[in-house]
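So you know, we letter chains A, B, ... as the sequences are listed, proteins then strands, and number each from 1.
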There are 2 protein chains.
Amino acid sequence: MVVQDIETRELRYFVAVAEELHFGRAAERLGIAQPPLSRAIRQLEHRLGVQLLDRDRRGVALTEAGKALLHEAKTALDAIAAATRRTQRAAAGSRSLVLVTKAGATHELLEQLLAAAEAEPDPVDVEVLLCEVGEQAGLLRDGTADVAIMHRPYDDLAGFDTEDVLTEGQVAILPRAHPLASREKLLLEEVQNVPDLPIARWPRLDGTYPEGPGPEVRNQAKLAQLVALGKTLLVIPASSRAWQWPRHVAVPVIDAPDVTTVVAWQPSSRSRTVASFVRKAIEVRERLMVSDAQDS
Amino acid sequence: MVVQDIETRELRYFVAVAEELHFGRAAERLGIAQPPLSRAIRQLEHRLGVQLLDRDRRGVALTEAGKALLHEAKTALDAIAAATRRTQRAAAGSRSLVLVTKAGATHELLEQLLAAAEAEPDPVDVEVLLCEVGEQAGLLRDGTADVAIMHRPYDDLAGFDTEDVLTEGQVAILPRAHPLASREKLLLEEVQNVPDLPIARWPRLDGTYPEGPGPEVRNQAKLAQLVALGKTLLVIPASSRAWQWPRHVAVPVIDAPDVTTVVAWQPSSRSRTVASFVRKAIEVRERLMVSDAQDS
DNA sequence: CCAGGCTAATACCCCTCGGGTATCACAGGG
DNA sequence: CCCTGTGATACCCGAGGGGTATTAGCCTGG
């Protein structure tokens with residue numbers, strides 16, 4: 001069977017249908033009419049020799065193969081988007097770099113990295129892109145960003161090359177007046193079930209929220225507000241104290257897993273600019289380790 | 001600028017031209033005529049707003065942006081090929097797995113892995129694919145294979161998830177009658193410049209060979225023949241002795257870098273089959289480590 | 001139990017655009 | 001100076017992608 005390549009148009013169409021599970025809505029989202037979409041998907045199925053959708057007269061469901069394709073198609077489309085972005089960037093010839101990080105996190109470290117990049121004899125122009133939690137991977141994959149600052153073990157680093165920059169313990173952020181605020185140190189267990197300060201719930205990859213008493217949050221700004229209002233409790237890497245609020249206290253949570261801040265990039269990247277930025281990041285790490293040693 | 005996605009057809013066309021650096025030959029390779037190809041590339045350049053090729057009246061050269069796109073396009077096309085392959089595999093519903101490894105390498109280890117996979121209550125049907133050195137990464141990326149057995153530091157593991165299975169020293173393979181064959185151990189330096197047994201040269205990624213006195217080899221079979229004829233000298237992981245020949249001797253090269261055999265897979269893989277195979281591989285590693293400890 | 005409203009599939013038409021042939025424009029080399 | 005080999009143009013054709021109108025099932029509600 002000579003399977004000629006799938007066209008990206010077909011992948012876009014399939015992704016739309018697979019995500020909407022509804023031909024009409026998918027067609028609307030794609031800006032085309034429903035019948036051509038139905039036809040395109042049928043053709044795709046026929047070409048692959050695989051049934052992708054179970055069409056119940058009332059709606060549509062993905063088969064196992066369909067689930068597989070949905071996943072593969074997304075990464076393929078990301079790769080294509082990355083191709084255009086990187087090509088255009090290369091054409092601009094810029095010694096410039098897009099760095100993506102979570103809004104609000106890693107303030108001091110970021111400053112140091114940027115300063116180091118500035119200090120180069122041939123300075124790299126670093127554009128900083130702030131995004132919601134969990135979006136970094138996608139932006140890196142689709143070429144919007146060249147490097148990301150991410151956190152192990154929280155972020156999904158699969159498929160990226162990474163370089164550790166900083167490992168640190170975590171602290172709980174509490175209202176100054178809270179009973180736990182006077183403690184020297186805390187345990188995870190103590191922090192997890194504070195009745196009046198339930199831990200906030202972040203959305204999963206599919207957008208739904210886990211069960212629990214805590215408020216639902218989607219970004220750091222909302223979270224910061226909730227913390228400031230004394231509505232929730234927060235366990236974050238020690239260095240993120242940078243966005244602390246005067247009315248709150250940071251108490252080390254000694255058995256919380258260490259968080260490692262890493263710079264991540266696409267392994268397929270051949271950009272010299274990325275390479276030199278990573279080298280700078282390693283220098284910053286060395287510097288941090290030295291000053292750590294002096295502290296203790 | 002609303003840049004609609006590039007179609008895979010355009011990527012294929014561009015890759016052909018970029019690799020051939022000649023519109024006529026590229027068109028022939030694609031099975032189309034030259035004029036439509038010229039037009040397609042022009043459209044692509046226009047759409048991206050980027051000049052990809054420098055057309056000299058006598059031939060074609062890649063611009064910087066063109067080089068970038070060539071690289072990106074290849075990975076994107078691999079991703080698309082992977083999408084169809086994995087979808088079809090998923091549709092077949094098979095608890096089967098394609099494992100790719102270099103012909104001739106890792107004989108014993110592979111046997112153990114396969115035996116372990118067989119021994120499962122719900123056995124995984126592992127299809128073994130043997131390929132030339134350096135091809136594994138591509139086959140893994142384009143979805144032909146699900147897992148690969150590769151060797152650090154020799155193979156390019158960028159972009160894959162890996163699990164170490166076995167670390168070992170390297171030995172030199174010598175004709176029994178050779179002066180060095182009687183030695184207890186050797187140093188890299190001694191091995192590197194043996195006038196009558198120059199080390200074989202492998203092709204680089206672009207297909208050219210490095211300079212040197214040794215014979216050019218492209219695959220293990222050819223190499224095996226050369227070794228058997230006493231034409232070249234070989235430094236390989238100790239366990240690869242499995243393909244030793246009676247007339248040859250293996251002498252440890254004590255300062256050669258350790259070689260680690262790893263199983264590698266696409267981090268985007270969500271296949272339960274791959275996951276369970278990797279788990280099996282880890283079990284095999286444990287077993288090997290125990291028997292190592294008993295040996296010493 | 002039937003009507004009405006969803007859904008995806010079919011039928012059919014249009015016209016864009018991908019591909020083919022013929023030819024041109026131009027640089028180098030004999 | 002002409003010939004050769006290169007990519008670009010001009011022009012035509014037809015497949016196929018997209019639109020509208022309609023149909024065919026299935027579920028729900030009265």
Side-chain angles (χ1 to χ4, degrees), chain A residues 2-63 65-67 69-70 73 77 80, chain B residues 2-63 65-67 69-70 73 77 80:
Chain A
V2 180
V3 181
Q4 69 221 6
D5 276 337
I6 307 176
E7 287 300 326
T8 72
R9 183 179 47 83
E10 300 178 287
L11 290 180
R12 279 203 319 276
Y13 285 9
F14 176 73
V15 168
V17 174
E19 285 183 349
E20 298 286 347
L21 293 177
H22 187 291
F23 278 79
R25 280 196 301 275
E28 187 180 6
R29 169 171 145 189
L30 293 167
I32 65 173
Q34 170 258 317
L37 180 58
S38 285
R39 194 178 53 187
I41 301 293
R42 279 216 168 283
Q43 278 176 3
L44 179 62
E45 285 181 314
H46 192 256
R47 181 118 43 93
L48 293 176
V50 166
Q51 186 171 359
L52 300 170
L53 300 171
D54 283 325
R55 282 105 159 147
D56 194 76
R57 277 287 161 199
R58 202 145 203 89
V60 171
L62 286 169
T63 62
K67 285 179 201 163
L69 182 58
L70 175 57
L77 288 173
I80 287 166
Chain B
V2 178
V3 182
Q4 70 221 7
D5 274 337
I6 307 178
E7 287 299 325
T8 72
R9 183 178 47 82
E10 300 178 288
L11 290 180
R12 280 203 319 277
Y13 286 7
F14 175 75
V15 168
V17 174
E19 285 182 347
E20 300 284 348
L21 292 177
H22 187 289
F23 278 78
R25 281 196 300 275
E28 187 179 7
R29 171 171 142 188
L30 292 167
I32 66 172
Q34 170 258 316
L37 180 57
S38 285
R39 194 178 53 188
I41 300 293
R42 279 214 166 285
Q43 278 175 4
L44 180 61
E45 285 181 314
H46 191 258
R47 181 118 44 93
L48 293 176
V50 166
Q51 187 172 358
L52 300 169
L53 300 171
D54 281 324
R55 283 102 158 151
D56 193 76
R57 277 282 164 205
R58 205 146 200 87
V60 170
L62 286 170
T63 63
K67 285 179 201 163
L69 182 58
L70 174 57
L77 288 174
I80 288 167

* Side-chain donor-acceptor contact under 3.5 Å, A:Thr63 with A:Gln51 ->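 Result is no, nothing qualifies.
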Should [X] be listed as having a side-chain N or O under 4.0 Å from OP1 or OP2 of [N]?
X: B:Ser38; N: D:dA8; answer: yes
X: A:Arg55; N: C:dA9; answer: yes
X: A:Gln43; N: D:dG16; answer: no

* **CD/B:Glu28: more than 12 non-hydrogen atoms of other groups inside 6.0 Å** =>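 Atom CD in B:Glu28 is not crowded, with 12 or fewer foreign heavy atoms closer than 6.0 Å.
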* CD (A:Glu7) with more than 12 external heavy atoms under 6.0 Å ->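 Yes.
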* To do: Output yes when a side-chain donor or acceptor of B:Arg25 lies under 3.5 Å from a complementary backbone atom of B:Glu20, and no otherwise.
  =>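 Present.
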* Asked: Would a distance-only check, ignoring hydrogens and angles, find a side-chain to backbone donor-acceptor pair under 3.5 Å from B:Glu45 to B:Leu52?
  ->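 Yes, B:Glu45 side chain to B:Leu52 backbone: donor-acceptor pair under 3.5 Å.
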Rounded to whole angstrom units, what separation is found between the [atom1] atom of [X] and the [atom2] atom of [N]?
X: A:Ile32; N: C:dA8; atom1: CD1; atom2: P; value: 13 Å
X: A:Gln34; N: D:dT22; atom1: CD; atom2: C1'; value: 11 Å
X: A:Glu7; N: D:dG17; atom1: CD; atom2: P; value: 9 Å
X: A:Glu45; N: C:dA8; atom1: CD; atom2: C1'; value: 12 Å

* Asked: Base, sugar-phosphate, or nothing for B:Arg39, non-hydrogen atoms under 4.0 angstrom?
  ->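 Answer is base: heavy atoms of B:Arg39 come under 4.0 Å of a base.
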* To do: Under 4.0 Å from any atom of DNA chain D, heavy atoms only: list the residues of residues 13-31 of chain A that qualify, in numerical order.
  =>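 Heavy-atom contacts with DNA chain D come from A:Tyr13, A:Gly31.
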* Which atoms form the tightest heavy-atom contact between A:Phe14 and A:Ile41, and what is the distance? ->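 Taking every non-hydrogen atom into account, CA-CD1, 3.7 Å.
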Out of [options], which nucleotide sits closest to the side chain of [X]?
X: A:Arg9; options: D:dG7, C:dA9, D:dG18; answer: D:dG18
X: A:Pro35; options: D:dA8, C:dA11, D:dG18; answer: C:dA11
X: A:Arg42; options: C:dA9, D:dA8, D:dG17; answer: C:dA9

